[in-house]
Amino acid sequence: MKFFVDTADTNEIRDLAATGLLDGVTTNPSLIHKSGRKFLEVVEEICGIVDGPVSAEVVALDHETMMKEAAVLRKIADNVCIKVPLTIDGLKTCKALTGEGVMVNVTLCFSANQALLAAKAGATFISPFVGRHDDNGFDGMKLIEDIRLIYDNYAFATEILVASVRHPIHVLESAKIGADVMTAPPSVIKALFNHVLTEKGIAGFLADWEKTGQSVL
Ligand code: G3P
């Protein structure tokens, strides 16, 4: 499963990229707002840090303006992935852009039928929002299972990009289901490293090592 980080904070992106575990980045208008930076500048900087897909979202609601915004965004770098909402105009834009060989991430997916539409429109990625699904009394991970089943039934190439990930269990379940990608905030990715027994084990080994009076270097 590929790991994308869901942030526009370039310091966090650099930090995670240094682990070698980062396959891409997703942003959205709220994350750009949180960064306090200019949209095009921050996307350009992120594309210089990460080789994989960097999702940059259009903000227009009509197909024609979405295409114009996409034209600006795709000029930034070859690894820009245009993010469009799951609407009729968004999917028209998806079909047109993927037809030109541009990566498209279809976002704000909350049903398996929506995911089916995105795949038929040739989406590179579909982004079901598991956390927001859970928040509203639905089962986010069941949604991922359903999309996996449907995509496998028809051998769709669209990659399932699990979004709105809130905690390590979402990551674990995504991997068990066979999602292609998950995108999570830096804090969730960092939490994946943690285990109380790992910390306890290191402390125990170091305490015994000190007693040997030796040094490796
Ligand atoms: O980038 C889309 C998605 O990951 C947003 O997550 O936490 O705002 O629901 P969240």
Side-chain angles (χ1 to χ4, degrees), residues 1-59 69-70 72-84 97-98 101-109 123-132 140 144 157-196 198-199 202:
M1 185 168 69
K2 290 176 218 166
F3 276 26
F4 289 2
V5 65
D6 198 27
T7 186
D9 181 330
T10 50
N11 290 328
E12 291 277 21
I13 294 168
R14 265 196 202 87
D15 201 25
L16 282 165
T19 65
L21 295 173
L22 203 57
D23 301 299
V25 177
T26 50
T27 68
N28 62 40
S30 303
L31 293 169
I32 297 297
H33 174 63
K34 195 173 163 193
S35 77
R37 297 185 54 191
K38 286 207 173 2
F39 181 31
L40 302 186
E41 275 175 26
V42 79
V43 171
E44 188 175 4
E45 188 178 338
I46 296 169
C47 289
I49 303 170
V50 178
D51 292 333
V54 174
S55 289
E57 191 160 341
V58 297
V59 287
E69 290 179 354
V72 173
L73 295 171
R74 54 193 277 204
K75 269 196 213 136
I76 296 175
D78 288 344
N79 57 330
V80 167
C81 173
I82 306 297
K83 207 171 179 187
V84 299
L97 290 173
T98 53
V102 177
M103 290 185 288
V104 175
N105 176 358
V106 177
T107 190
L108 290 162
C109 170
T124 317
F125 301 104
I126 181 69
S127 287
F129 278 29
V130 292
R132 294 191 196 184
I144 304 303
T158 301
E159 295 190 33
I160 302 173
L161 194 173
V162 180
S164 188
V165 164
R166 300 275 164 76
H167 47 69
I169 302 297
H170 277 150
V171 180
L172 177 65
E173 293 300 322
S174 298
K176 283 162 72 177
I177 293 165
D180 303 284
V181 192
M182 73 87 203
T183 189
S187 58
V188 173
I189 296 179
K190 287 177 180 166
L192 299 175
F193 288 89
N194 300 339
H195 197 289
V196 65
T198 305
E199 285 152 32
I202 289 172

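Computed from a predicted model, the values in this text were never measured in an experiment. Computed from heavy atoms alone, side chains included, the values below leave out hydrogens, waters and symmetry copies. Count residues from 1 along the sequence.
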With the side chain counted from C-beta on, respond yes when [X] and [Y] share a heavy-atom pair under 4.5 Å apart, and no when they do not.
X: Val43; Y: Val80; answer: yes
X: Phe4; Y: Asn105; answer: no
X: Cys109; Y: Ser127; answer: no
X: Thr107; Y: Asn28; answer: no
X: Arg37; Y: Thr10; answer: yes
X: His170; Y: Val188; answer: no
X: Pro53; Y: Phe125; answer: yes
X: Leu40; Y: Val72; answer: yes

*Please walk me through it: do Val25 and Thr183 pass side chain to side chain contact (heavy atoms under 4.5 Å, CB included)?*
CA-CA 8 Å; Val25 177; Thr183 189; over 6 Å; no

Of all the heavy-atom pairs spanning [X] and [Y], show the shortest one and how long it is.
X: Pro128; Y: Ile144; value: CG-CD1, 3.6 Å
X: Gly24; Y: Val50; value: CA-CG1, 3.9 Å
X: Pro185; Y: Val5; value: C-CG2, 4.3 Å
X: Val42; Y: Ala8; value: CG2-O, 3.5 Å
X: Val58; Y: Ala70; value: CG1-N, 4.2 Å

*With sequence neighbours excluded, tell me which residues meet salt bridge (charged side-chain N to carboxylate O under 4.0 Å, His left out) with Glu41.*
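Not a single residue meets the salt bridge (charged side-chain N to carboxylate O under 4.0 Å, His left out) criterion with Glu41.
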
*Residues in salt bridge (charged side-chain N to carboxylate O under 4.0 Å, His left out) with Arg132, at least two apart?*
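Testing Arg132 for salt bridge (charged side-chain N to carboxylate O under 4.0 Å, His left out), a comparison that skips the adjacent residues, returns none.
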
Give, for atom [atom1] of [X] and atom [atom2] of [Y], the distance between the pair rounded to the nearest 0.5 Å.
X: Thr27; Y: Ile32; atom1: OG1; atom2: CD1; value: 4.5 Å
X: Asp6; Y: Ser30; atom1: CG; atom2: OG; value: 10.0 Å
X: Phe39; Y: Glu57; atom1: CZ; atom2: CD; value: 8.0 Å
X: His167; Y: Ser187; atom1: NE2; atom2: OG; value: 12.0 Å
X: Met1; Y: Ile177; atom1: CE; atom2: CD1; value: 10.0 Å
X: Ile46; Y: Ile13; atom1: CD1; atom2: CD1; value: 4.0 Å

Does the [X] side chain pair with the main chain of [Y], one donor and one acceptor, at a distance under 3.5 Å?
X: Asp23; Y: Phe3; answer: yes
X: Thr158; Y: Thr124; answer: no
X: Glu69; Y: Val59; answer: yes

*Scan for side chain to side chain donor-acceptor pair (under 3.5 Å) pairs involving residues 73-83, sequence neighbours excluded, and state none if there are none.*
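Residue pairs with at least one partner in residues 73-83: Arg74-Glu100.
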
*Does a sphere of radius 6.0 Å around NE2 in His33 hold more than 12 heavy atoms from other residues, nucleotides or ligands, not counting ones at 6.0 Å or beyond?*
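No, NE2 of His33 has 12 or fewer neighbouring heavy atoms, counting only those of other groups under 6.0 Å.
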
*asked:* Tell me if the NZ atom of Lys34 is crowded by more than 12 foreign heavy atoms within 6.0 Å.
replied: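 Count not over threshold, so no.
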
*Taking atom types as modelled, is there a side-chain donor on Thr7 or Glu12 under 3.5 Å from an acceptor on the other?*
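The criterion, which ignores hydrogens and geometry beyond distance, is not satisfied for Glu12 and Thr7.
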
*What do the steps show when you test Arg14 against Glu45 for salt bridge (charged side-chain N to carboxylate O under 4.0 Å, His left out), and what is the final call?*
CA-CA 10 Å; Arg14 265 196 202 87; Glu45 188 178 338; 2.9 Å; yes

*What's the verdict on side chain to side chain contact (heavy atoms under 4.5 Å, CB included) for Met182 and Leu172, showing C-alpha distance, side-chain angles and the deciding distance?*
CA-CA 10 Å; Met182 73 87 203; Leu172 177 65; over 6 Å; no

*Criterion side chain to side chain contact (heavy atoms under 4.5 Å, CB included) against Leu161, the qualifying member of Ile126, Thr26, Asp180*: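 For Leu161, the side chain to side chain contact (heavy atoms under 4.5 Å, CB included) test succeeds with only one of Ile126, Thr26, Asp180, which is Thr26.
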
